[in-house]
Visitor: 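To start, I am sharing the structure in question, which I have written as structure tokens.
Just so we're clear, the structure is a prediction, and the values are computed from it rather than from any experiment. Indexing begins at 1, ligand by ligand and atom by atom, following the structure's order.
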Amino acid sequence: MVQPYKHEPFTDFTIEENKKAFEEALKQVKEELGQHHDLLIDGDRIRTDNTITSTNPADTKQVVGTVSKANEDLAEKAVQSAATAFEDWRKWDPRARAELLFRAAHIIRRRKHEFSAYLVYEVGKPWKEADADTAEAIDFLEYYGRQMIELKEGKPVESRPGEQNRYIYTSTGVAVVIPPWNLAFAIMAGTTVAPLVTGSTVVMKPASNSPVIAAKFVEVLEEAGLPKGVLNFVPGSGGEVGDYLVDHPKTALISFTGSRDVGTRIIKRASEIQEGQNHLKQVIAEMGGKDTVVVDKEANIETAVDAIIVSAFGFSGQKCSSGSRAVVHEDVYDEVLEKVKERAEQLTVGNASEENVYMGPVVDQGAYDKIMSYMEVGKEEGRLVTGGKGDDSKGYFIEPTVFADLAPDSRMQQEEIFGPVVCFTKARNFDEAIDIANNTEYGLTGAVISDNREHLEKAKYDFHVGNLYFNRNCTGAIVGYQPFGGFKMSGTDSKAGGPDYLALHMQAKTISEMF
Ligand SMILES: NC(=O)c1ccc[n+]([C@@H]2O[C@H](COP(=O)([O-])OP(=O)(O)OC[C@H]3O[C@@H](n4cnc5c(N)ncnc54)[C@H](O)[C@@H]3O)[C@@H](O)[C@H]2O)c1
Ligand SMILES: N[C@@H](CCC=O)C(=O)O
């Protein structure tokens with residue numbers, strides 16, 4: 001009997017024993033760093049001359065690992081291998097596929113701190129963020145396994161006398177999985193196992209900033225018993241391997257999570273019918289955000305400050321859900337701004353492998369340069385309240401930064417910066433605050449801090465985002481509790497970790513028989 005789903009608890013690092021265990025994991029993983037990881041195609045490990053080197057963004061001289069790099073020929077092999085494996089895999093009992101996910105979850109749970117330590121080194125996650133990322137990966141395995149068991153008989157439909165109707169879900173085919181680097185474990189794992197558990201086979205191309213954690217996860221799935229060819233691992237360039245996989249006539253499902261530009265490009269390419277293609281491709285594309293914390297005049301100010309700080313600076317603002325905009329009622333604007341400034345100045349920034357670092361580095365030189373260029377835009381468009389400086393001499397560190405008095409349509413309030421920067425805009429009343437919150441092309445997350453019930457009810461209908469939070473931060477959705485996905489240019493609203501997610505990976509089939 002499968003136990004009811006509950007999310008994986010977070011580690012309490014104030015408990016000395018947990019702290020020691022995590023330090024031990026960091027030490028152990030540090031000794032392992034620098035190893036090489038091969039491609040996996042049709043169950044074979046393949047080593048290439050071309051490699052991707054993954055380095056620690058907090059200490060760029062530290063090599064986390066290298067991975068072999070696929071080209072178009074190897075991507076072709078991977079698709080063919082997945083297409084062949086599909087014929088058996090789709091006929092596996094869905095429960096057996098689900099149980100494979102449960103076994104993988106157990107393996108990760110036993111070595112939880114080890115995986116989190118990899119996240120600390122590979123993408124610069126502070127302990128808590130790394131722990132939450134690993135917990136979410138476990139949650140996806142446990143949750144989607146249970147969802148598949150629930151869906152395996154299909155859904156009830158009516159039948160008339162002399163007729164038997166059934167409505168079932170069938171597997172789709174070869175899925176291409178293209179995850180981002182920021183929820184480097186959770187999203188990579190969740191988007192990989194969702195097609196797998198539904199009976200599709202997968203070609204996974206990890207993000208080039210986080211291929212090592214992806215390679216470690218592939219090892220876990222092999223250990224859990226995944227047959228050869230069912231999952232093929234092909235790190236490579238987005239432009240070369242990504243495009244090739246998306247365009248391939250045999251790929252049937254593309255699951256992408258990443259930026260708006262790459263996502264919309266994939267949607268366009270996947271809609272073009274290739275020679276030899278006899279199906280339409282299903283595309284799941286979860287993309288960027290420009291998320292707002294709205295503060296009403298009737299609000300608990302401490303709750304508001306907390307929500308802004310956590311939303312803006314958790315994982316250095318590198319979440320699609322990050323609250324990079326604060327839209328605050330004019331009556332409390334100065335007070336909230338001043339308190340956010342004070343709190344931001346107390347946040348610790350440093351190498352994430354050290355305890356009690358609130359903010360680690362940003363992920364790479366490209367991200368660092370982009371975020372720093374926005375500091376100049378912010379100074380032109382608004383007022384720098386605190387922060388604004390960076391240091392990329394050893395790693396990519398940027399101060400928590402607050403800009404004030406920005407026009408709602410300024411670049412700072414419209415474009416996804418994806419760094420530790422929050423921009424304040426003043427609103428004359430609650431209606432105007434919601435209008436400002438809605439005035440970007442994105443619609444992913446949002447928070448409203450208010451003690452006014454009428455205003456909260458209004459926000460339920462008028463604040464146009466996929467994940468809306470009241471009196472808390474707008475980050476940190478939990479699998480099975482707060483299904484995640486956005487409106488507008490934030491994506492296809494697939495709601496990862498929700499009850500409808502797996503159905504998007506399958507084809508519903510009606511079978512009707514007369515007696
Ligand atoms: N909505 C969500 O659930 C969600 C979750 C996490 C991150 N994000 C978004 O992801 C972005 C940050 O992640 P990123 O920097 O990894 O995004 P990205 O778009 O640069 O890359 C995402 C993935 O796409 C691949 N890629 C790049 N070019 C490609 C191409 N031409 N064809 C196919 N694949 C290609 C990359 O290698 C990577 O694996 C932000 O915009 C963030 O908001 C969204
Ligand atoms: N699901 C995560 C964000 C994923 C994107 O980065 C959250 O809710 O904070």
Visitor: State, with a plain yes or no, whether a side-chain heavy atom of Thr172 is found less than 4.5 Å away from one of Thr198.
Guide: no
Visitor: Give a yes/no verdict on whether any heavy atom in Gly486 is under 4.0 Å from an atom of ligand 1.
Guide: no
Visitor: Write none if no such pair exists; otherwise list each N/O atom of ligand 2 with its protein N/O partner under 3.5 Å and the distance.
Guide:
residue	atom	partner	partner atom	Å
ligand 2	6 (O)	Asn182	ND2	2.8
ligand 2	6 (O)	Cys320	N	2.9
ligand 2	8 (O)	Gly476	N	3.2
ligand 2	8 (O)	Ala477	N	2.8
ligand 2	9 (O)	Ser321	OG	2.7
ligand 2	9 (O)	Gly476	N	2.7

Visitor: Side chains of Pro483 and Pro499: closer than 4.5 Å at any heavy-atom pair?
Guide: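 Touching, per the 4.5 Å side-chain cut-off.
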Visitor: Starting at OH of Tyr374, measure out to OG1 of Thr401 and round the result to the nearest 0.5 Å.
Guide: 14.5 Å
Visitor: Would you mind telling me which of Leu40, Leu196, Val202 makes a side chain to side chain contact (heavy atoms under 4.5 Å, CB included) with Leu221?
Guide: Leu196
Visitor: Please say which of Phe315, Phe10, Phe13 ends up in a ring-ring contact (aromatic ring centres under 6.0 Å, His included) with Trp127.
Guide: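 Result: among Phe315, Phe10, Phe13, Phe13 is the only option passing the ring-ring contact (aromatic ring centres under 6.0 Å, His included) with Trp127.
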Visitor: Working to the nearest 0.5 angstrom, can you tell me the gap between Lys216 NZ and Glu114 CD?
Guide: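 Going from the NZ atom of Lys216 to the CD atom of Glu114 covers 5.5 Å.
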Visitor: Evaluate the 4.0 Å heavy atom contact test for atom 34 (N) of ligand 1: does a protein atom fall under the cut-off?
Guide: yes
Visitor: Are Tyr358 and Phe313, when compared by the centres of their aromatic rings, separated by less than 6.0 Å?
Guide: no
Visitor: Closer than 4.0 Å to some heavy atom of Ile266 - which atoms of ligand 1 meet that?
Guide: 33 (C)
Visitor: Does an N or O from Gly258, backbone or side chain, lie closer than 3.5 Å to an N or O of ligand 1?
Guide: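 For ligand 1, there is an N or O atom that lies under 3.5 Å from one belonging to Gly258.
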Visitor: Would you indicate whether the side-chain heavy atoms of Asp42 and Gln80 approach each other to under 4.5 Å?
Guide: no
Visitor: If you define the side chain from C-beta out and look only at heavy atoms, does anything of Phe22 sit under 4.5 Å from Ser116?
Guide: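 SC-SC contact between Phe22 and Ser116 confirmed.
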Visitor: I want to confirm something. Looking only at heavy atoms, which of Arg265, Lys319, Lys205 is nearest to atom 31 (N) of ligand 1?
Guide: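 Looking at heavy atoms only, Arg265 sits closest to atom 31 (N) of ligand 1.
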Visitor: Is Phe484 close to ligand 1, meaning an N/O of one under 3.5 Å from an N/O of the other?
Guide: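 No; the residue has no nitrogen or oxygen that sits under 3.5 Å from a nitrogen or oxygen of the ligand.
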Visitor: Show the atoms of ligand 1 that are less than 4.0 angstrom away from any heavy atom in Thr257.
Guide: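 Near Thr257, the atoms of ligand 1 are 2 (C), 3 (O), 4 (C), 5 (C), 6 (C), 22 (C), 44 (C).
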Visitor: Just to confirm my output: which protein heavy-atom neighbour is closest to atom 13 (O) of ligand 1, and how far is it?
Guide: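 The protein heavy atom lying closest is Pro180 CB, 3.6 Å.
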Visitor: Suppose we measure from atom 17 (O) of ligand 1 to each protein heavy atom; which comes out shortest, and what is that distance?
Guide: Ser259 N, 3.4 Å
Visitor: Ion pair present between Arg109 and Glu142, side-chain N to carboxylate O less than 4.0 angstrom?
Guide: yes
Visitor: Output the list of atoms in ligand 1 that are nearer than 4.0 Å to some heavy atom of Gly242, sorted by atom number.
Guide: 32 (N), 33 (C)
Visitor: Measure the spacing between CZ of Arg47 and NE2 of His37 and express it to the nearest 0.5 Å.
Guide: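 Separation between the atoms: 10.0 Å.
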Visitor: Looking at Tyr501, is its backbone amide N or carbonyl O close enough to the side chain of Lys495 to form a donor-acceptor pair, meaning the two atoms are under 3.5 Å apart?
Guide: no
Visitor: Give the numbers and elements of all ligand 1 atoms closer than 4.0 Å to a heavy atom of Asn182.
Guide: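 Heavy-atom distances to Asn182 below 4.0 Å select 6 (C), 7 (C).
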Visitor: Backbone, side chain, both or neither: what part of Pro179 comes under 4.0 angstrom of ligand 1, heavy atoms only?
Guide: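 Only the backbone of Pro179 comes within reach of ligand 1.
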Visitor: State the atoms of ligand 1, each with its element, that fall below the 4.0 Å cut-off from a heavy-atom position in Leu444.
Guide: 1 (N)
Visitor: Is any side-chain N of the basic residue among Lys125 and Asp131 closer than 4.0 Å to the acidic one's carboxylate O?
Guide: no
Visitor: Provide, to 0.1 Å, the distance between atom 1 (N) of ligand 1 and the closest protein heavy atom, together with that atom's residue and name.
Guide: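 Here the closest protein heavy atom is Met287 O, 2.7 Å.
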Visitor: Which protein non-hydrogen atom lies closest to atom 2 (C) of ligand 1, naming both residue and atom, and how far is it?
Guide: Cys320 SG, 3.4 Å
Visitor: Within ligand 1, which atoms have a heavy atom of Phe418 less than 4.0 Å away?
Guide: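 Result: 12 (C), 40 (C), 42 (C), 43 (O).
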Visitor: Taking the side chain as every heavy atom from C-beta outward, state whether Ile178 and Val246 have any pair of such atoms under 4.5 Å apart.
Guide: yes
Visitor: How does Gln318 reach ligand 1, if at all, at less than 4.0 Å between non-hydrogen atoms: by side chain, backbone, both, or neither?
Guide: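 Neither; no heavy atom under 4.0 Å.
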Visitor: Is Glu129 salt-bridged to Lys319, cutoff N-O under 4.0 Å?
Guide: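 Salt bridge flag = yes for Lys319 with Glu129.
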Visitor: Do any nitrogen or oxygen atoms of Ser208 come within less than 3.5 Å of a nitrogen or oxygen of ligand 1?
Guide: no
Visitor: For ligand 1, which is the ligand I care about here, please tell me if Asp243 has any N or O atom under 3.5 Å from one of the ligand's N or O atoms.
Guide: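 Such a contact does occur with ligand 1.
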Visitor: Which atoms of ligand 1 sit under 4.0 Å from any heavy atom of Ile187?
Guide: 5 (C), 6 (C)
Visitor: Among protein heavy atoms, which lies nearest atom 15 (O) of ligand 1, and at what distance?
Guide: Trp181 NE1, 2.9 Å
Visitor: Within the 4.0 Å heavy-atom shell around Ile178, which atoms of ligand 1 are there?
Guide: 23 (C), 24 (O), 25 (C), 33 (C), 34 (N), 39 (O)
Visitor: Measure the shortest side-chain to side-chain distance between Gln413 and Asn439 over non-hydrogen atoms and say whether it is less than 4.5 angstrom.
Guide: no
